[in-house]
Amino acid sequence: MKNQELLRTFAHMNAILALQEQRALLQLEYNTEKEAFRRQTEQTGMARKIKRGDAWWPLRVGRSYYNSLNQLCIEVFRTASDNGEEEEAVRSPGENFDFGRPVLFFRMEDPKTAKSPQIHYFNFTGTVSYVDGDRMVVSVPEGAPLVDLQSLAGIGVQLSFDETSYRTMFEALERTMRAKGRLAYLRDLFYDEHQKAQSFTFAPLHFPYLNVTQQEAVNRVLRAKDVAVVHGPPGTGKTTTLVEAIYETLRRESQVLVCAQSNMAVDWISEKLVDRGLNVLRIGNPTRVDDKMLSFTYERRFEAHPDYELLWAIRKAIRELRRRRSERRGGSDNYHQKLERLKERATELEVRINAQLFGEARVIACTLVGAANRLLDGQKFGTLFIDEAAQALEAACWIPLRRAQRVVLAGDHCQLPPTVKSIAALKAGLGKTLMERIVETHPEAVTLLKMQYRMNEEIMRFSSDWFYGNQVESAPEVKYRSILDLDVPMEWIDTSQYMAEGLQFAEEFVGESFGRINKEEAELTMLVLQQYFQKIGKERLLSERIDVGVISPYRAQVQYLRQLLRKREFFKPFRRLVTMNTVDGFQGQERDVIVISLVRSNDEGQIGFLRDLRRMNVAITRARMKLIILGNRQTLTRHPFYRRLWQYIEAL
């Protein structure tokens with residue numbers, strides 16, 4: 001007994017120390033990102049920000065109005081932009097305007113008419129409500145100078161530093177360190193490899209539409225008292241499994257909380273749950289603004305409630321009363337009594353509408369940071385599901401964990417990691433996720449999905465061997481899939497062989513954010529793609545809609561490749577079939593053909609962040625039938641991963 005108490009005390013101290021370290025590393029990341037943002041704001045010209053998609057200018061400013069949540073909003077339209085088709089495609093969801101991001105409005109003279117245009121920032125911060133193409137709605141504080149925004153020329157909007165997310169994560173860490181009860185138990189358990197995660201015991205349930213390991217995963221979720229992990233390698237049906245686990249959990253619980261790191265990931269799982277027939281209430285606005293996605297948002301449901309018109313009338317009366325009071329600059333007790341009565345009535349209606357919306361919903365869905373929303377105050381859930389958990393900082397996962405009795409994490413820690421900008425914080429372990437930690441300390445809670453439905457066997461096999469202990473198998477229907485008869489599923493075109501013929505294939509550094517570019521390799525990439533298209537034939541490409549992804553780890557290379565694609569007449573009929581993006585931009589996607597331009601080419605064997613093999617795992621597992629890699633073998637194969645990859649492809 002004493003030994004057990006000692007182990008528990010040790011686990012508790014270990015957890016607290018680890019969370020204190022997390023807090024220190026998060027502070028380092030906060031300082032790094034804030035300084036980088038300040039430096040970028042001072043040094044990066046507005047034209048570059050517009051090109052990157054970090055600013056919209058010039059804007060047409062539309063109407064202002066109060067939305068259903070009683071927030072003052074203004075709509076803006078991007079009327080012209082230098083960033084065009086090329087940059088639009090290389091934006092990744094986390095880098096540009098997205099729901100909840102803080103923004104600053106500014107006024108700038110036209111650079112064509114002013115020699116050194118001055119930028120004047122307005123003294124308030126807005127928040128992105130939603131974005132739909134070139135239209136954005138921004139919620140602004142009361143008293144914002146809306147008349148100036150609507151009447152002045154040269155208005156623009158740019159991203160501001162996101163203090164809110166960091167503040168929410170710091171608060172979550174502090175709360176977790178101070179926690180008592182269930183949250184404290186989970187905290188200590190997750191850091192304690194000696195204590196087993198608890199589970200119920202019952203005969204396995206059978207789900208005929210799932211494969212063996214998917215069924216095993218759903219059963220493990222249902223049995224778990226504390227934690228379960230669904231580890232889903234590429235193409236193994238992780239989302240299908242998670243949706244089924246949520247559906248089955250809701251046969252035992254009245255409501256669950258479903259979170260993910262990004263709005264896009266929340267949208268994806270929410271849509272699948274709606275398709276499964278579940279009533280989903282989405283807190284926060286979706287990234288894709290269409291009727292299906294909007295129909296299950298809190299805001300749209302709130303507006304549709306029968307009591308909403310009365311609430312709207314009362315809120316309008318409150319605003320009118322305040323306006324008249326400010327115009328008269330005087331008042332009486334009668335004003336205060338009227339105002340209080342109206343506010344009480346409005347609060348009563350809001351509470352009633354919320355109670356009904358939350359009472360009807362089976363699934364509450366939001367981002368991890370969104371779980372701090374005041375709408376969820378007082379809400380408790382039997383189960384929290386975190387999708388794409390391997391892409392979320394641990395601190396972010398503790399935000400919703402305080403609301404739940406147990407947690408189910410789904411994702412793949414062998415694919416994209418969380419974004420960490422501080423090298424020091426990354427090296428010290430900030431990039432280690434809660435999911436990774438639980439996989440290490442509680443392997444008994446983990447189910448690896450082992451049957452993949454995406455890739456030709458030979459494309460899949462290398463990833464399975466290197467990352468998943470050779471445990472992933474191909475479903476029979478995809479095992480031999482290919483586009484051309486007798487085609488080799490994987491090729492590596494070695495650019496160093498062309499260098500002997502006098503071609504340079506030299507990498508160039510083009511700046512911190514955009515990384516490196518290799519123009520000759522980009523030219524060769526387009527030539528290789530053209531030759532492969534010619535082998536397939538135009539008629540077949542178009543009739544079967546054979547789709548292609550061109551991936552590079554570097555944004556500059558992606559942008560240059562898009563320029564080449566637009567310039568080449570040959571590709572004109574096929575442009576809708578070709579997507580070009582960074583590795584991060586292709587997360588969760590797949591294509592019939594994938595072409596990867598690795599860029600790095602130097603005598604020292606320097607490969608930079610190509611050493612992050614999880615990114616390469618994502619890149620090489622996007623292809624269903626054909627994978628073509630272009631890269632300097634002499635530079636890359638000094639690293640054991642690329643050496644093994646080269647040898648594997650050569651042996652096919």
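Since the structure is predicted, the reported quantities are computational estimates derived from the model, not experimental observations.
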Taking only Lys NZ, Arg NE, NH1 and NH2, and the carboxylate oxygens of Asp or Glu, determine whether [X] and [Y] approach each other closer than 4.0 Å.
| X | Y | result |
| --- | --- | --- |
| Glu163 | Lys34 | yes |
| Glu458 | Lys479 | no |
| Arg187 | Asp192 | no |
| Arg38 | Glu35 | yes |
| Lys432 | Glu440 | yes |
| Arg638 | Glu604 | no |
| Glu477 | Arg481 | no |

What salt bridge (charged side-chain N to carboxylate O under 4.0 Å, His left out) pairs are there with at least one residue in residues 643-652, not counting sequence neighbours? none
Over all heavy atoms of both residues, which pair between [X] and [Y] is shortest? Give the atoms and the distance, please.
| X | Y | value |
| --- | --- | --- |
| Lys450 | Thr213 | N-OG1, 3.1 Å |
| Arg402 | Leu183 | CB-CD2, 3.9 Å |
| Ser597 | Ser552 | O-OG, 3.0 Å |
| Ala395 | Leu26 | CB-CD2, 4.0 Å |
| Asp226 | Gln198 | OD2-N, 2.8 Å |
| Leu610 | Pro553 | CD1-CG, 3.7 Å |

Starting at [atom1] of [X], measure out to [atom2] of [Y] and round the result to the nearest 0.5 Å.
| X | Y | atom1 | atom2 | value |
| --- | --- | --- | --- | --- |
| Trp492 | Gln647 | CH2 | CD | 10.5 Å |
| Arg437 | Tyr191 | CZ | OH | 3.5 Å |
| Thr297 | Met293 | OG1 | CE | 9.5 Å |
| Leu401 | Leu186 | CG | CG | 6.5 Å |
| Leu430 | Leu25 | CG | CG | 5.5 Å |
| Leu210 | Met451 | CG | CE | 12.5 Å |

Going by atom types alone, do Arg220 and Thr447 pair a side-chain donor with an acceptor below 3.5 Å? yes
Glu253 and Thr383: side chain donor to acceptor below 3.5 Å: yes
Evaluate the side chain to side chain contact (heavy atoms under 4.5 Å, CB included) criterion for residues Trp398 and Gln22: first the C-alpha distance (whole Å), next the side-chain angles of each, then the deciding distance (0.1 Å), finally the verdict. CA-CA 12 Å; Trp398 289 111; Gln22 283 274 318; over 6 Å; no
Could you check Arg301 against Phe296 for side chain to side chain contact (heavy atoms under 4.5 Å, CB included), going step by step and ending with a plain yes or no? CA-CA 7 Å; Arg301 294 264 180 91; Phe296 49 85; 3.5 Å; yes
Is there side-chain contact between [X] and [Y], with at least one heavy-atom pair below 4.5 Å?
| X | Y | value |
| --- | --- | --- |
| Val363 | Phe385 | no |
| Gln587 | Glu388 | yes |
| Asn373 | Tyr298 | no |
| Gln261 | Leu368 | yes |
| Ile364 | Leu375 | no |
| Leu278 | Tyr247 | yes |
| Asn211 | Tyr453 | yes |
| Val478 | Gln452 | yes |

Quick check: does any side chain N or O of [X] sit under 3.5 Å from a backbone N or O of [Y], one acting as donor and the other as acceptor?
| X | Y | value |
| --- | --- | --- |
| Arg403 | Ala371 | yes |
| Gln27 | Phe170 | no |
| Arg362 | Ser254 | yes |
| Gln215 | His206 | no |
| Thr241 | Gln214 | no |
| Arg555 | Gly515 | no |
| Arg406 | Ala224 | yes |
| Arg516 | Tyr554 | no |
| Asn219 | Leu205 | yes |
| Gln195 | Leu189 | no |

Students often mix this up, so state it plainly: with edges at 30° and 60°, are the rings of Tyr648 and Phe462 parallel, tilted or perpendicular? tilted
Could you label the plane-to-plane angle of the Phe641 and Trp466 rings as parallel, tilted or perpendicular, counting under 30° as parallel and over 60° as perpendicular? perpendicular
Donor-acceptor contacts, no H, no angles, side chain residues 409-421, under 3.5 Å, sequence neighbours left out:
residue, atom, partner, partner atom, Å
Asp412, OD1, His231, NE2, 2.7
Asp412, OD1, Cys414, N, 2.9
Asp412, OD2, Gln415, NE2, 2.9
Asp412, OD2, Tyr468, OH, 2.5
Gln415, OE1, Arg622, NH2, 3.2

In this structure, are over 12 heavy atoms from other groups packed under 6.0 Å from [X] atom [atom1]?
| X | atom1 | answer |
| --- | --- | --- |
| Lys427 | NZ | no |
| Arg251 | CZ | no |
| Phe609 | CZ | yes |

Assess whether side chain to side chain contact (heavy atoms under 4.5 Å, CB included) is satisfied between Met455 and Arg461, documenting all intermediate values. CA-CA 9 Å; Met455 293 161 270; Arg461 179 55 47 209; over 6 Å; no
Go through the steps for Asp584 and Arg615 under the test side chain to side chain contact (heavy atoms under 4.5 Å, CB included), then give the verdict. CA-CA 8 Å; Asp584 294 47; Arg615 277 195 160 75; 2.9 Å; yes
Walk me through whether Asn617 and Ser463 qualify under side-chain hydrogen bond (donor to acceptor under 3.5 Å, both in side chains). CA-CA 7 Å; Asn617 188 31; Ser463 172; 2.7 Å; yes
